[in-house]
Amino acid sequence: MPVSESRSAKRPVLLGVLILYILMCLFFGGASRFALNGHVALQATAAFGIAVLAATWPSATSIKSVRIPIFVLGAIAIVGIAQSILIPAQYWQTLPGRNEVFESLMSLDVVMGAMPSSLNVEATHASVGYVLTPLFVILLCVRIGLSPLQRIMPAFFCQLGAVFALVGLSQIYVGHEGFLYLYENTNIGAPVGTFANVNHFASLLLMISPFAVYLVAGASARRRETDQTAAMMLMIYSCLLLLTVGIAAAGSLAIYFLSIPIVSLALVATRANTFEGRGRMLSRIAVASIVILGASIVWNSPVLNGLGLIGSDDDPTSRQNMWSFTIAAIQEYWPIGSGMGTYESVIPHFENPDEVTSRYIALAHNEYLQLAMEMGAAGVVIAFTGATWLIIRARAIWFGGDSNRTQIMRKMAFLGILVCCSHSIVDYPARTPAIASVLAVYVALVSLPQVERSKPKNIKVQSDKRRVL
């Protein structure tokens with residue numbers, strides 16, 4: 001069997017592995033807490049998968065298109081490992097923010113040996129493992145290729161999002177019974193799907209929504225082809241309606257604000273030759289009608305009444321206070337950082353003792369501030385590298401080349417990435433393996449090159465022979 005045929009035969013298997021692993025992440029990786037059993041299993045699976053992929057990697061398959069995302073993930077892991085290296089005590093005490101700890105230990109007559117720069121090395125070790133999930137997904141996508149991903153993943157994500165929306169709505173109607181919730185520490189009574197946090201549930205649904213608009217537009221453009229297309233259109237419209245209802249019912253203010261520009265950009269992106277004419281107009285009318293209908297269902301339902309207020313608490317654990325504490329910690333530990341995963345154990349030292357309640361701050365609810373606090377200057381450089389790469393890809397996708405179907409699909413994936421990055425300003429969605437796995441697929445979709453199929457050479461030979469005869 002030729003090498004190309006062998007690789008082609010393996011793609012369905014790899015695609016099945018990718019879908020199965022994403023399902024595992026969505027069902028067992030919906031929380032952001034470190035060292036959960038489900039997370040350990042996902043990391044172990046990813047580590048094994050990466051090893052297998054590395055051992056069987058074809059020499060002709062290049063990772064050049066995703067080298068920056070892989071570099072970012074690798075840099076995060078390297079920083080975490082570096083923060084775990086033992087440093088002699090006389091040098092350790094000179095690091096920013098460590099002298100007070102050193103003096104306290106000395107006052108207790110504790111003899112200090114070599115110490116890691118991380119203030120909680122166990123949490124740092126646990127944090128390093130979280131890069132395995134997105135790394136494994138990206139490498140799988142590279143092996144599969146853009147064409148199979150483009151055919152399968154938009155519809156897969158839309159159907160999966162619709163199922164999760166149904167689960168979330170069921171959780172609302174069940175109320176505080178709790179048997180539909182996967183996590184003990186969760187938003188009981190709110191739609192969370194398979195997540196622990198209702199905001200992350202809403203974030204995932206909005207990340208998927210551009211693909212629903214993409215499928216609606218494509219189905220509208222082919223509406224007269226077959227009865228099967230009509231059935232497909234009905235299914236896509238139903239998915240979009242469920243996604244809209246799920247987002248509206250979740251009550252995440254940040255997602256509400258993001259929804260308008262994201263859906264608007266998705267509609268603008270479908271203005272291409274493949275979606276023009278009456279089909280394009282019908283798709284816009286359908287999307288607008290479904291969004292209005294979904295919002296009306298939520299706001300006029302007595303069961304869903306009062307949603308939309310989640311996340312606006314004005315207390316010591318509000319986002320403004322979290323950010324002020326985080327900024328103070330950044331200044332204290334700059335430029336080394338406190339160590340990956342140390343936020344929960346370090347930030348209490350910066351809280352006002354008079355305002356401490358039974359609620360505690362586990363994460364900064366601003367991914368970029370937390371990176372700067374835990375990883376110092378290295379975290380800023382990594383974030384800047386990722387942002388620069390994303391801007392370059394956005395320019396190439398939105399302003400470069402023809403707006404063919406693949407290019408439109410890339411725009412939808414970019415909008416999904418934009419949802420996650422924007423939501424990370426006020427939350428931490430990418431710290432859940434569930435969203436990290438979906439985000440990794442989107443990164444691959446905006447990065448992988450489109451390989452054009454070449455005609456077999458024997459066709460040309462046969463045509464030449466006919467002309468001779």
Side-chain angles (χ1 to χ4, degrees), residues 32-36 39-40 43 47 70-132 135 317 321-353 355-356 360-386 424 428 430-431:
S32 58
R33 302 291 296 177
F34 291 132
L36 294 176
H39 292 192
V40 173
Q43 292 170 19
I70 291 178
F71 166 79
V72 168
L73 293 172
I76 292 173
I78 290 172
V79 170
I81 294 171
Q83 290 175 334
S84 304
I85 297 175
L86 297 178
I87 302 173
Q90 63 268 29
Y91 300 112
W92 184 88
Q93 65 172 317
T94 63
L95 298 178
R98 274 69 172 180
N99 188 54
E100 182 178 349
V101 177
F102 179 81
E103 292 180 350
S104 299
L105 293 175
M106 293 297 292
S107 65
L108 297 174
D109 295 329
V110 175
V111 179
M112 285 188 59
M115 297 279 287
S117 64
S118 172
L119 296 175
N120 187 339
V121 70
E122 291 82 6
T124 299
H125 288 161
S127 299
V128 171
Y130 281 81
V131 306
L132 294 172
L135 179 59
T317 59
N321 284 327
M322 293 180 193
W323 298 340
S324 64
F325 300 149
T326 306
I327 291 172
I330 292 173
Q331 296 171 343
E332 178 74 14
Y333 300 116
W334 186 265
I336 302 298
S338 60
M340 287 173 55
T342 61
Y343 189 90
E344 184 177 345
S345 57
V346 166
I347 209 65
H349 299 287
F350 298 89
E351 295 182 81
N352 186 341
E355 296 181 351
V356 173
Y360 65 94
I361 302 174
L363 294 165
H365 288 73
N366 183 308
E367 194 63 62
Y368 311 105
L369 288 179
Q370 185 160 341
L371 282 174
M373 176 196 142
E374 294 184 342
M375 302 175 66
V380 174
V381 171
I382 291 171
F384 179 79
T385 302
S424 295
Y428 46 92
R431 287 185 180 263

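Here the structure is a predicted model, which is why all the values come from computation and not from measurement.
The side chain to side chain contact (heavy atoms under 4.5 Å, CB included) search around A77 returns V128, V131, not counting sequence neighbours. Every side chain to side chain contact (heavy atoms under 4.5 Å, CB included) that S324 has, sequence neighbours left out, goes to N321. Shown here are the side chain to side chain contact (heavy atoms under 4.5 Å, CB included) partners of A47, two or more places apart in sequence or in another chain: L132. By the ring pair (Phe, Tyr, Trp, His ring centres under 6.0 Å) test, H125 pairs with no residue at all, sequence neighbours left out. Residues satisfying the side chain to side chain contact (heavy atoms under 4.5 Å, CB included) test with A430, not counting sequence neighbours, are C420, L439. Taking the ring pair (Phe, Tyr, Trp, His ring centres under 6.0 Å) definition, one finds that Y368 meets it with nothing, sequence neighbours left out.
Between the side chain of Q83 and the main chain of E374, a donor-acceptor pair closer than 3.5 Å is present. Under the 3.5 Å distance criterion, the side-chain polar atoms of W334 are left unmatched by any main-chain donor or acceptor of G376. The backbone N or O of H365 sits less than 3.5 Å from a side-chain atom of W323, completing a donor-acceptor pair.
If you take CE on M373 and OH on Y333, they are separated by 6.5 Å, rounding to the nearest 0.5 Å. Rounding to the nearest 0.5 Å places NE2 of H349 at 10.5 Å from OG of S338. Rounding to the nearest 0.5 Å places CE of M340 at 8.5 Å from CG of L371. To the nearest 0.5 angstrom, I85 atom CD1 is 8.0 Å from S117 atom OG. Atoms CD1 and CD1, from I76 and I81 in turn, are 12.0 Å apart once rounded to the nearest 0.5 Å. Interatomic distance, CD1 of I327 versus CG of L369, reported as 5.5 Å (0.5 Å rounding).
For the pair P335/P96, a side-chain contact is recorded, criterion being any heavy-atom separation below 4.5 Å from C-beta on. Taking the side chain as every heavy atom from C-beta outward, N120 and E122 approach each other to under 4.5 Å. Contact check for L363 versus Q370: side-chain heavy atoms found under the 4.5 Å cut-off. You'll find the side chain of P116 stays beyond 4.5 Å of the side chain of I87, heavy atoms only.
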Run the side-chain contact (heavy atoms from CB on, under 4.5 Å) check on V79 and M375 step by step: do they pass? CA-CA 7 Å; V79 170; M375 302 175 66; 3.7 Å; yes
Let me see the working for M322 and N366 under side-chain contact (heavy atoms from CB on, under 4.5 Å), right down to the final yes or no. CA-CA 9 Å; M322 293 180 193; N366 183 308; over 6 Å; no
Between L119 and R98, does the side-chain contact (heavy atoms from CB on, under 4.5 Å) criterion hold? Intermediate values first, please. CA-CA 9 Å; L119 296 175; R98 274 69 172 180; 3.9 Å; yes
Quick one: do Y343 and T326 satisfy side chain to side chain donor-acceptor pair (under 3.5 Å)? Show the steps, please. CA-CA 9 Å; Y343 189 90; T326 306; 2.7 Å; yes
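Between S118 and T124, the shortest heavy-atom contact is OG-OG1, 2.6 Å. Between S127 and G341, the shortest heavy-atom contact is OG-CA, 3.3 Å.
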